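One structure is given here, and the rest of the page talks about it.
Everything numeric here is computed off the predicted structure, so don't read it as measured data. For reference, positions follow the sequence shown, starting with 1. Each ligand, and each atom within it, is numbered from 1 in the order the structure gives.
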Amino acid sequence: MAAHSLRFLAPTLPSHSLSPISVAAPPTLRYPLLRLPRLSASAHPHSSDLVPVPAPSVLSSDNGISGGSIAAAASAIDVDAVTEAELKENGFRSTRRTKLVCTIGPATCGTEQLEALAVGGMNVARINMCHGTHDWHRQVIRQVRRLNEEKGFAVAVMMDTEGSEIHMGDLGGFTSAKTEDGEVWTFSVRGFKAPLPERTVNVNYEGFAEDVKVGDELLVDGGMVRFEVIEKIGPDVRCKCTDPGLLLPRANLTFWREGSLVRERNAMLPTISSKDWLDIDFGIAEGVDFIAVSFVKSAEVINHLKSYIAARCRDREISVIAKIESVDSLKNLEEIVCASDGAMVARGDLGAQIPLEQVPSVQHRVVKICRQLNRPVIVASQLLESMIEYPTPTRAEVADVSEAVRQRADALMLSGESAMGQFPEKALSVLRSVSLRIERWWREEKRYESTELNDVASSFSDKISEEICNSAAKMANNLEVDALFVYTKTGHMASLLSRCRPDCPIFAFTTSTSVRRHLNLQWGLIPFRLSFSDDMESNLNRTFSLLKQRGMIRSGDLVIALSDMLQSIQVMNVP
Ligand SMILES: Nc1ncnc2c1ncn2[C@@H]1O[C@H](COP(=O)(O)OP(=O)(O)OP(=O)(O)O)[C@@H](O)[C@H]1O
Ligand SMILES: CC(=O)C(=O)O
Ligand SMILES: [K+]
Ligand SMILES: [Mg+2]
């Protein structure tokens, strides 16, 4: 093997022992479901109204993180079947770097549809707790896990909390309701017995009638439909339609006074409601990989949730993604991103809280901050909105997707397009082909080196890892290597490499299926599960032989290898 090795005379990191992955059902607490409270009377899980119930016997082998499959595969190497096919067909350089998240809904919850999305490049399946029942979500999660086991995908699952947003009710079973110019509709917190009275919609926030004033403007879904408040009668608020359109079930509501978003007591609502805590317990029990927190206002809530999760699952990781979609989240942006394991630019609600023309610059800022702080970032909402109804995107949508790829966001997300649209697979394939095309253009123009990265390390040892990754990425670009290999137990070194956005793909070898799924959200990483030792020489030889057997690399390919056990950079040709 022609190996050139740069070794840094630095203390090597303590090597973590390979702990077998066993999954115990976490203790699950249950407490009564409350309505969205008027003020911050959040029924917190630590409060005394908890009613413990027996822990569910979920987390069997079908969640894909059981010890069994790992033992069986100990001598082999696991890689996503879709990536493997892509590598064999098109070679290293052409693998997609931008990751894709699909919201699962009625259009995509069947096994066949989920499989089609996985084959089409879905890296993460998102379930939105605003909709559906726990049974429905459980089915989806288990189907994804089963597909991973049976078909060799590595699709991660992200649960998105409802949060304390103000939204409409269910429209009494109708899928939509049309409003006309000048019509008077009633928004009410009263609990109606079905069917709803004509031109009436429910509102989930008890303080609604008290917070709004006559003359306020009421925006549905950030302005898709607009009303003016004309009268308040007890719990009922009568509003005249000024901008007609379609009302959709559970659409978001904001109200504006003299051109500004009204933030009265509704601004005091807890970020994580009592219903969200129930959903979070459900997510922990079902072993989701990511929890995305809606309407984050401060770093505190993220820290709180992270310690809540840490106390309940000791043997695996659930990453917390902060959704940037409120005015408050923008005020505390850096702190929030720092506290989180990743962020989402949730442009849907963001566009209802700040003027639309400010959304692009905010997106740019969030993507940049995440890159600097080494946190994955997802750009979400309306990327291909027209594809909910039509099989081809608009030129403007393609330009929007291109811009997110050009900014080198880690991931792009489909919402309604995949949840309830008519062309979920087509929408995914547009994201895929636009990503590939823009990434190629970017590489051809050799634009990879532009961003100057700040230091993120908090210890000297981390600082060494960071310098190694920065140097390795630069070497990879200058030497035009075929791939970077990184052996990482926690995934940290892989994320540091991804942050450099190098020109070649990054093969990230990790010992755990859970870390492997987590890495699936990060730009340019091709996560493999492989049990490896502290002996890099033997790891490399084994990897080369396993990958060669499967036709994923060839003799002569130029590779740079790093590991978080041995802080070194090796440059070599595959023997
Ligand atoms: N589990 C589900 N069941 C039924 N419909 C769903 C489900 N998930 C999503 N949808 C539909 O797809 C649409 C888009 O989904 P998505 O979750 O991305 O949007 P959203 O409601 O705008 O997100 P958020 O509430 O997080 O701001 C929803 O408005 C809803 O109509
Ligand atoms: C995704 C989401 O929550 C939003 O865009 O509002
Ligand atoms: K949500
Ligand atoms: Mg939202």
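- Nearest to atom 2 (C) of ligand 2 by heavy atom, out of Ala346, Ala352, Gly351, is Ala346.
- Short contacts between ligand 2 and Arg126, defined as distances under 4.0 Å to a heavy atom of the residue, involve ligand atoms 1 (C).
- For the residue pair Glu162/Ser273, the side-chain donor-acceptor check at 3.5 Å is not satisfied.
- Polar contact check, Ser415 against ligand 2: no nitrogen or oxygen pair lies under 3.5 Å apart.
- In terms of polar-atom proximity, Ser415 is counted as a contact of ligand 1, with an N or O under 3.5 Å from an N or O of the ligand.
- Listed by number with element, the atoms of ligand 1 under 4.0 angstrom from any heavy atom of Lys323 are 26 (O).
- Here Ala419 has side-chain heavy atoms under 4.0 Å from ligand 1, and that is the only part of it that gets that close.
- Residue side and main chain included, Glu165 places no N/O/S atom under 2.8 Å of the Mg ion (ligand 4).
- When only non-hydrogen protein atoms are considered, atom 3 (O) of ligand 2 lies nearest to Lys323 NZ, 2.7 Å.
- What sits closest to atom 11 (C) of ligand 1 on the protein, heavy atoms only, is Met420 CG, 3.4 Å.
- A donor-acceptor pair shorter than 3.5 Å cannot be found between the side chains of Gln382 and Arg347.
- For the pair Arg199 (side chain) and Thr186 (backbone), a donor-acceptor distance under 3.5 Å is absent.
- Within the listing of ligand 2, atoms 5 (O) sit less than 4.0 angstrom from a heavy atom of Arg347.
- Looking at Gln143 and Thr111, their side chains do bring a donor and an acceptor atom within 3.5 Å of each other.
- Remark: Glu258 CD is loosely packed, at most 12 non-hydrogen atoms of other residues, nucleotides or ligands lying under 6.0 Å away.
- Taking each of Thr175, Asn128, Asp221 in turn, the one with a heavy atom nearest to atom 20 (P) of ligand 1 proves to be Asn128.
- Listed by number with element, the atoms of ligand 1 under 4.0 angstrom from any heavy atom of Cys130 are 25 (O).
- At a 4.0 Å cut-off, at least one heavy atom of Arg126 sits close enough to ligand 1 to count as contact.
- Atom 7 (C) of ligand 1 has His131 CB, 3.5 Å as its closest protein atom, hydrogens excluded (heavy atom only).
- Given atom 5 (O) of ligand 2, the protein heavy atom at minimum distance is Ser381 OG, 2.4 Å.
- Salt bridge status for Arg226 with Asp243: present, with a side-chain N to carboxylate O gap under 4.0 Å.
- In this structure, atom 4 (C) of ligand 1 lies nearest to the protein heavy atom Pro106 CD, 3.4 Å.
- With Asn128, Asp349, Ile324 as candidates, the residue nearest to atom 6 (O) of ligand 2 on a non-hydrogen basis is Asp349.
- A salt bridge links Arg142 with Glu286: at least one charged nitrogen is closer than 4.0 Å to a carboxylate oxygen.
- Backbone and side-chain nitrogen or oxygen atoms of Asp160 are examined, and none is located within less than 3.5 angstrom of a nitrogen or oxygen of ligand 2.
- Taking a 4.0 Å cut-off on heavy atoms, Ser294 fails to register as neighbouring ligand 1.
- Expressed to the nearest 0.5 Å, how far OG of Ser433 lies from CZ of Arg96 amounts to 10.5 Å.
- A donor-acceptor pair under 3.5 Å is formed between the side chain of Asn332 and the backbone N or O of Lys297.
- Proximity of Asp349 to ligand 1, defined as any heavy-atom pair under 4.0 Å, is confined to the side chain (atoms from C-beta onward).
- Among all protein heavy atoms, the one lying closest to atom 15 (O) of ligand 1 is Gly416 N, 4.0 Å.
- Near Trp136, meaning under 4.0 Å from any of its heavy atoms, are these atoms of ligand 1: 1 (N).
- Residue contact check: Ile104 has heavy atoms under 4.0 Å from atoms 8 (N) of ligand 1.
- Looking only at distances, no side-chain donor or acceptor of Arg365 sits under 3.5 Å from a matching main-chain atom of Leu333.
- The residue Glu162 has no part lying near ligand 1, judged by heavy-atom distances below 4.0 Å.
- Salt-bridge check for Glu403 with Arg406: passed, with a basic side-chain N closer than 4.0 Å to an acidic carboxylate O.
- The existence of a salt bridge linking Asp410 and Arg501 is confirmed by a sub-4.0 Å separation between a basic side-chain nitrogen and an acidic carboxylate oxygen.
- Put simply, the angle at the Mg ion (ligand 4) from OE1 in Glu325 to OD2 in Asp349 is close to 90°, to the nearest 10°.
- For ligand 2, the polar-atom distance check finds an N/O of Gly348 within less than 3.5 Å of one of the ligand's N/O atoms.
- Side-chain atoms of Ser164 come within 3.5 Å of backbone N or O of Pro270 as a donor-acceptor pair.
- Under 4.0 Å is where a charged nitrogen must lie from a carboxylate oxygen, and between Asp289 and Arg516 no such pair does.
- Neither the backbone nor the side chain of Arg250 has a heavy atom within less than 4.0 Å of ligand 1.
- Put simply, atom 17 (O) of ligand 1 has protein non-hydrogen atoms near it, under 4.0 Å away.
- A salt bridge does not link Asp341 with Arg375: every distance from a Lys NZ or Arg NE/NH1/NH2 to an Asp or Glu carboxylate oxygen is 4.0 Å or more.
- Under a 3.5 Å cut-off, the side chain of Ser340 and the backbone N or O of Ile336 do form a donor-acceptor pair.
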